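This report refers to the structure that appears directly beneath it.
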Amino acid sequence: MAWTRNDIAARAARELRDGFYVNLGIGIPTLVANNIPDGMTVTLQSENGMLGIGPFPLEGEEDADLINAGKQTISELPSTVYFGSAESFAMIRGGHIDLTILGAMEVSEGGDIANWMIPGKMIKGMGGAMDLVAGVKRVIVAMDHCSKDGESKFVQSCSLPLTGKGVVDMIITDLGVFERPDHASDFRLVELAPGVTLDEIAAKTGARYAV
Amino acid sequence: MAWTRNDIAARAARELRDGFYVNLGIGIPTLVANNIPDGMTVTLQSENGMLGIGPFPLEGEEDADLINAGKQTISELPSTVYFGSAESFAMIRGGHIDLTILGAMEVSEGGDIANWMIPGKMIKGMGGAMDLVAGVKRVIVAMDHCSKDGESKFVQSCSLPLTGKGVVDMIITDLGVFERPDHASDFRLVELAPGVTLDEIAAKTGARYAV
Amino acid sequence: MNRIFASAEEALDGLLHDGMMLSVGGFGLCGIPERLIDAVLASGVTQLTCVSNNAGIDGVGLGKLLRSGQVRKMISSYVGENKEFARQYLDGSLEVEFCPQGTLAERCRAGGAGIPAFFTRTGVGTLVADGKEHREFDGDVFIMERGIRADLALIKGWKADEAGNLIFRKTARNFNQVMATAAPLCVAEVEEIVPVGTLDPDAIHLPGIYVKRLICGAPYDKKIEFRTVRTVEA
Amino acid sequence: MNRIFASAEEALDGLLHDGMMLSVGGFGLCGIPERLIDAVLASGVTQLTCVSNNAGIDGVGLGKLLRSGQVRKMISSYVGENKEFARQYLDGSLEVEFCPQGTLAERCRAGGAGIPAFFTRTGVGTLVADGKEHREFDGDVFIMERGIRADLALIKGWKADEAGNLIFRKTARNFNQVMATAAPLCVAEVEEIVPVGTLDPDAIHLPGIYVKRLICGAPYDKKIEFRTVRTVEA
C-alpha cells in the first residue's frame with residue numbers, strides 16, 4: 001500500500017538530525033513539522049525573515065506582523081529570531097541551512113527540479129524556491145510519484161521550466177525513496193513503500209535509476 | 001597670516017549643512033567636530049560601526065566597548081546607533097554619507113589623493129580610507145599646504161601610492177581653499193587665508209589650478 | 001533638522017515624478033507602506049517601476065496602483081492572487097521582471113551598498129539565467145546579477161525616533177530594511193514616533209541616515225492574507 | 001542539542017588543523033575573542049591564515065599568535081603599532097594581504113552569503129586594483145573582489161542564549177557579526193549566557209544558526225588601546 005501524504009512527510013522527517021536548521025516548502029513538506037521526533041531540536045526557517053517557526057496561533061491570537069513564507073499566520077517560540085530578507089537569503093545562499101524539503105511538479109534523473117511555472121498558464125513567480133534549491137546544503141523533494149493524469153513526475157528530463165539544475169539529493173514519493181550521495185551520481189532506489197514492488201515502481205517511473 | 005590647524009578645521013566646518021552625516025579622518029579633520037555651528041544637526045559616523053559620535057568620555061567613564069575608528073575611547077549621544085562593519089561600509093560605499101573630511105600626504109590636480117603609505121617605510125595598511133574616498137558623496141581634504149620639507153602637497157601628480165583616483169572635491173590648506181564643481185573639472189582657488197597673496201600660493205603650489 | 005511630516009502627502013511632496021522607480025517594502029500584505037502607497041495613488045504620478053517582492057492583492061497595497069494604471073513595470077519574485085495584475089500582465093500593459101526572492105533582496109542590498117553587480121548560484125540553468133553572464137569560480141558556475149538602485153524608497157516600520165532611527169516588528173521587517181537602503185532617499189511610515197534616546201542604540205534595524213522623511217501612520221488596521229489557527233490541544 | 005562548552009579548549013576540540021583559515025572578529029582590541037585566541041595558542045596549530053581587520057598588538061589578541069609563529073598569512077586592513085608583526089613582515093616570514101576595510105567586510109559578508117565575487121569602486125586606480133578585473137557599469141569603473149570563506153570563525157559577543165542567539169555591545173560588534181557568517185562553523189565567546197526566551201527576538205544581532213559552539217569567557221579585563229578623556233567643562 002502506497003504512502004499517504006503524511007507517511008511521506010514522516011519518512012522525510014527521518015532525514016532530520018538534532019540541531020538541524022530546516023526550510024520546509026508548502027504542501028506535503030509542511031506536514032514534516034508535525035513529525036519531528038520528540039527530544040530532537042529542529043529549527044524551522046521562514047525565508048521572509050524568521051528562525052524558529054511556532055505552530056499556528058490560537059484563535060484570537062493571530063498577528064498580522066507574524067506570518068510564514070506562505071503568508072499564513074503563525075506563532076513564535078522562545079528561541080525565535082527575526083531578521084530581514086537580505087539576511088535571510090544570505091543565510092540560505094551561503095549554505096547555512098542544513099536541509100530544505102520541497103514539493104515539485106517534476107524532478108529529473110539528473111536532479112533538476114521544476115516547481116514554479118507551467119508554460120501557457122499565468123506565471124506567479126518563483127518566490128524563494130530558486131534560492132533554496134541553489135543554496136541549501138541538502139535538497140529533498142517530497143511529492144506524489146505520479147501526476148493526477150498518472151504521468152511519472154520523476155522523469156528523464158523535465159518538460160517544465162526549471163527551478164534548479166542538478167540540485168536534488170533525495171526524492172520521497174508515495175511509492176518509495178530515491179537518493180544519491182552527490183550531484184555527480186545517479187539516483188538509487190533505496191526504499192519501497194509497503195506493498196510496492198520493484199516492478200510497479202519501474203512501470204510508474206520515467207527516470208533512469210539504480211536499484 | 002596663514003590659517004592655523006583649527007582655522008583650517010573651522011573653514012572645513014563651513015561646508016557642513018544641517019542634517020549632514022559626516023565621516024571625519026584623523027588629524028586636522030578631527031578638529032572639525034569642535035566647529036559645528038550651534039543649532040546645526042550634524043551626525044558623525046565612525047566606520048567601526050556607529051552613527052552619532054559623542055565627545056571623549058569623562059575620566060572614569062571610559063568604556064572599552066565604545067571606541068572610534070582611531071581606537072580612542074569616546075561617548076555616545078541620545079541619537080547614537082551601533083551596527084556592524086559590513087553595514088557600516090555598505091553605508092559608506094553606497095553613497096549615504098554626505099561628506100568626508102580627510103587628511104592627506106598629497107593631492108593631485110586631477111583630484112587623486114595619497115594618504116596611506118610611503119614606499120620604503122613599514123606599511124600599516126589603508127584601513128577604511130580607500131572606501132571613504134571612493135564611496136562618500138563629497139570628499140574634502142584638510143591638510144597643510146606644504147610638507148615639513150617645504151614641498152607643496154597639492155601637486156601635478158602624486159608621487160606616493162594612491163588612496164583614490166580623481167576623488168577629491170575640495171582642498172583646504174593653511175593658505176587657502178581649492179574647489180571643483182565635479183570630477184571632470186579643474187580645481188579653482190576660491191579663497192585665500194588672511195594675508196596670503198596669489199603670488200605666494202602660486203609659488204608654493206605644484207599643481208595647476210584656475211583662479 | 002526636522003524629518004517628521006504631518007501626512008504621507010506632505011512627506012512625498014516634491015519627490016514624485018512620472019517614470020520613476022520606487023523600491024517598496026513588505027512581504028505579501030505584511031509590513032507594506034499603505035499610507036505612502038495611498039499618497040502615491042492620490043498624486044496621480046504614472047509610468048512607475050515598482051521594485052517589490054509582491055504586488056499586493058486586488059485593491060490592497062500596490063494592487064491599488066495597478067488598478068489605477070500608474071504602474072508600468074514590476075520587479076518582483078511572486079505575484080499570485082491578483083486578478084488586476086493578471087489582466088494587465090496578459091494584455092501586455094504591465095511589464096514584469098521576475099526575480100528570485102533572494103536575488104531580489106541581494107540586488108537591492110547591492111544597489112544600496114555601492115555594489116553594481118555580483119555573482120550568485122541562484123537561477124543557474126533556469127530561465128532566470130538567460131542572457132546573463134555565466135562564470136566559473138572554484139569549479140562552480142554562477143551568473144552575474146546587477147544591483148538595483150531606485151529613485152525613492154517607501155517603507156513601513158514599527159517605531160522610529162525623531163532622528164529617524166527605526167525598528168521593525170517580527171516578520172514585518174522582511175524587505176523593508178533592504179528597500180530603504182536601495183535609494184538615495186527613503187520615506188518611512190511608522191506606528192509610533194518616540195523621542196530620541198528611547199530606543200536601544202544596539203537594537204536599531206535601520207539607522208536614521210536612511211530615513212530622511214517620516215510620518216506616523218497610526219492607527220493601522222492590518223490585513224491578514226491567510227488566517228490560519230490551531231485548536232488548543234494541537 | 002547542547003552548544004555550550006565549559007572552556008575555549010573544549011569548544012575548539014577537533015576543529016583546528018595546521019594550514020587552516022580563521023576569520024576572527026574585533027576591531028583593534030575592541031571585541032576580540034581573547035579566550036579563543038588563547039586556546040588556539042595553546043593548541044600549537046600552525047601555518048594559520050587569519051582574516052581579521054587588525055592583528056592585535058604585541059602580546060595581545062592575534063599578536064600572541066604572531067609572536068608564537070603560528071600565523072603564516074594575515075588578511076587585514078590595518079596593522080599599525082605591532083613590532084612583532086613588523087619584524088616578521090619585513091623579514092618575509094609573514095605574508096600579508098592588505099585589503100581596504102570596507103572591501104574586507106564585504107568580502108567576508110559575500111563569502112558567508114554565497115556570493116563568490118562582486119564589483120566595487122573602492123581601490124580603483126590604486127595598488128589594490130593591480131591584477132584585478134576592471135569593468136565598467138553605467139559609465140563608472142569598478143574592480144572585482146572575491147568573497148572570503150574561512151574554515152572556522154572565532155568571535156566575541158556580549159550575551160547569547162542557550163540556542164546561540166547572540167547580541168553585541170556598542171562598537172564591539174564591528175567585524176564580529178560578519179566574520180561569524182564567513183565560515184561553515186563559528187565558535188563564540190560571550191560575557192554571559194542567558195536562558196532561551198530572555199533576549200528580544202527582534203534585537204538579535206547574530207542568529208544561533210551561525211553560533212554552533214559557545215562559551216562564557218567571563219570575567220573579562222578589557223583593554224583600551226588609546227584612552228582619551230575630556231574634562232568636565234568640554
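Quantities reported herein were computed from a predicted structural model and do not represent experimental measurements. Sequence lines set the chain letters: A, B, ... in the order given, protein chains first and strands last, and positions in each chain run from 1.
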For [X], I'd like to know if atom [atom1] has over 12 heavy atoms of other residues, nucleotides or ligands within 6.0 Å.
X	atom1	value
B:Q156	CD	no
B:R188	CZ	no
B:K137	NZ	yes
D:L185	CG	yes

(message) Using a 4.5 angstrom heavy-atom cutoff, name the option from D:A129, D:C99, D:G31 with the most pairs to chain B.
(response)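 Among D:A129, D:C99, D:G31, the one with the most close pairs to chain B is D:C99.
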
Region of [X] in contact with chain D, defined by heavy-atom distances below 4.5 Å:
X	value
B:E61	neither
B:N68	backbone
B:P57	both
B:I92	neither

(request) Keeping the roles fixed (side chain from D:R121, backbone from B:G135), state whether a donor-acceptor pair exists under 3.5 Å. (result) no

(request) Check for a donor-acceptor pair, side chain of B:D131 on one end and backbone N or O of D:Q101 on the other, with a separation under 3.5 Å. (result)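 Here the side-chain-to-backbone pair exists.
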
Smallest separation among heavy atoms of [X] and [Y], with atom names:
X	Y	answer
D:C30	B:A64	SG-O, 3.4 Å
D:G123	B:M130	CA-SD, 4.1 Å
B:A86	D:V178	CB-CG2, 4.0 Å

Under 4.5 Å between any side-chain heavy atoms of [X] and [Y], yes or no?
X	Y	answer
B:I67	D:F27	yes
D:E191	B:D65	yes
B:I123	D:Y89	yes
D:V128	B:M126	yes

Is [X] in contact with chain B via its backbone, its side chain, both, or neither, using a 4.5 Å heavy-atom distance?
X	answer
D:C108	neither
D:N176	neither
D:V124	backbone

(request) Answer yes when D:K222 and B:D63 have at least one side-chain N-carboxylate O distance shorter than 4.0 Å, and no when they do not. (result) no

(message) Do the side chains of D:R230 and B:E59 get close enough for a salt bridge, i.e. N-O under 4.0 angstrom?
(response)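 Answer for the salt bridge query: no.
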
Of all of [options], which one pairs up most often with chain D through heavy atoms under 4.5 Å apart?
options	result
B:T163, B:T73, B:V133	B:T73
B:K165, B:R93, B:M122	B:R93
B:Q72, B:M117, B:K71	B:K71
B:A129, B:G84, B:G49, B:S75	B:G84

For the atom pair [atom1] ([X]) and [atom2] ([Y]), what is the distance rounded to the nearest 0.5 Å?
X	Y	atom1	atom2	value
D:T171	B:M50	OG1	CE	7.0 Å
B:L162	D:L127	CG	CG	8.0 Å
D:K170	B:Y82	NZ	OH	4.0 Å
B:F56	D:T231	CZ	OG1	11.5 Å
B:F83	D:Q177	CZ	CD	11.0 Å
D:T228	B:I74	OG1	CD1	8.0 Å

(request) Check whether NZ of the Lys or CZ of the Arg B:K124 lies under 6.0 Å from the centre of the six-membered ring of D:Y78 and within 45 degrees of that ring's axis. (result)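 No.
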
